[in-house]
Protein chains: 2
Amino acid sequence: MLRVSKLTDYAVVVLSRLEAEGGVQTAPGLAAATGLGEPTVAKVLKMLSQAGLVEGQRGARGGYRLLRPLAELPLSEVIVAIDGPIALTACVDGGMGLCEAEHVCPVRGRWDPVNAAIRDALSGITVARIATPKPALLPALVAE
Amino acid sequence: MLRVSKLTDYAVVVLSRLEAEGGVQTAPGLAAATGLGEPTVAKVLKMLSQAGLVEGQRGARGGYRLLRPLAELPLSEVIVAIDGPIALTACVDGGMGLCEAEHVCPVRGRWDPVNAAIRDALSGITVARIATPKPALLPALVAE
DNA sequence: CCAATCCGTACCGGAAAAGTCCGGTTTCCC
DNA sequence: GGGAAACCGGACTTTTCCGGTACGGATTGG
């Protein structure tokens, strides 16, 4: 179904909330604000921290801080941070010896232009674009 | 990892072989030619047949026949045939009541531009593009 | 010194995919 | 006309991977 993981979706939610609030936010606080599970939020934040999208500050008054405004953050970076490198098939990344039909496979490594095209399309969309069109009238959406 | 199913990969392989040989090919024959499992190839062909990309001819001398040259077949159609509609998250297609955090989710349905972008990128790449870079020297590849 | 918070790792359960199998129907060859 | 070959449609089993959870350690501020 050409899906990304749910964690990526959560990441967008958390990032959105992080920018809406501003400053340093704790993982439990963001969990309460987004309605997601606390361990899940912590996991997402951790991944984003490793990818350099947010910065974690340890200690008693610690928390997470946004390193870049969402308007300058392409969606592809979030996907890479959560789901790993963008590659539609397993044939392209590391292991190539695990394909038993290797010598008769006519498409060996030919998915590259596809991956490139998708990576390109995803680089052109910022997180801000899909997170909150107009932060002000967000309640209008949830009213439904 | 933003992956498509392996079946889609197989579909490209089978389609490529189908065009390389030309005419009507049987599922067991294609399985032997591609090195894939016979039931798996049959399954893929069945799906492609339902999607209208190939045509199945029943009976003793039956088999499958390509309905369109691969150069005119966008990759997106193959993905849709195998993996279903292109939608990155579960929030967009049918079920929207299954999201328990619906009332606090700030990204409701906002993935649409992303899906559109990917669908667009995939429509611009033909199967022939990734199947055989230069159709003429295909024998050089299969000669191993 | 203690509490709050992030960090890293390991574990477990459930869902979706991958592959297989079987009965039925259709068509061609003998 | 009978039998074989091939597609068709579904269901089933196995396997793999993702989502969620839990625990111990490290670090900082009061």
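For the numbers below, each heavy atom of this structure counts, side chains included, while hydrogens, waters and symmetry mates do not.
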Side chain of [X] only, please: which of [options] is the nearest?
| X | options | answer |
| --- | --- | --- |
| Ala60(B) | dA4(D), dG19(D), dC7(D) | dA4(D) |
| Lys6(B) | dG19(D), dG25(D), dG19(C) | dG19(C) |
| Arg58(A) | dG20(D), dA6(D), dG25(D) | dG25(D) |
| Ser5(A) | dA17(C), dG19(D), dG19(C) | dG19(D) |

| task | Could you check if a side-chain atom of Pro74(A) sits within less than 4.5 angstrom of a side-chain atom of Leu122(A), using non-hydrogen atoms only? | result | no
| task | Would you indicate whether the side-chain heavy atoms of Thr126(B) and Leu73(B) approach each other to under 4.5 Å? | result | no
Please report the distance, rounded to the nearest Å, between [atom1] in [X] and [atom2] in [N].
| X | N | atom1 | atom2 | result |
| --- | --- | --- | --- | --- |
| Met47(B) | dT20(C) | CE | C1' | 13 Å |
| Lys46(A) | dT9(C) | NZ | P | 9 Å |
| Arg61(B) | dG3(D) | CZ | P | 22 Å |
| Ile79(B) | dA17(C) | CD1 | C1' | 16 Å |
| Asp83(A) | dC17(D) | CG | C1' | 12 Å |
| Leu7(A) | dG19(D) | CG | C1' | 7 Å |
| Lys43(A) | dC18(D) | NZ | C1' | 8 Å |
| Tyr64(B) | dA6(D) | OH | P | 12 Å |

| query | Does the side chain of Tyr10(B) get closer than 4.0 angstrom to OP1 or OP2 of dG19(C) through an N or O atom? | reply | yes
| Would one find a side-chain N or O of Thr40(B) under 4.0 angstrom from OP1 or OP2 of dT20(C)? | yes
Under 4.0 Å, counting only non-hydrogen atoms across every strand here, what does [X] touch: a base, just sugar-phosphate, or nothing?
| X | value |
| --- | --- |
| Leu45(B) | nothing |
| Gly37(B) | nothing |
| Ala27(A) | sugar-phosphate |
| Gln50(B) | sugar-phosphate |

| request: Return the 5'-most residue of the pair Glu38(A), Gly56(B) with respect to DNA chain D, ranking by each residue's nearest nucleotide. | output: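 Looking at the nearest nucleotide for each, Gly56(B) comes out on the 5' side.
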| Closer to the 5' end of DNA chain D via nearest nucleotide, is it Pro39(A) or Gly59(A)? |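 Upstream on the strand: Pro39(A).
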| message | Tell me if a side-chain donor or acceptor on Arg65(B) pairs with a main-chain N or O of Gln25(B) at a distance below 3.5 Å. | response |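 Flag not set: sc Arg65(B) to bb Gln25(B) has no pair under 3.5 Å.
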| field | Common cluster, Val24(B)/Val14(B), ILVMFWY with side-chain heavy-atom separation under 4.5 Å | value | no
| field | Salt-bridge criterion met for Arg68(A) and Glu77(A) (N-O under 4.0 Å) | value | yes
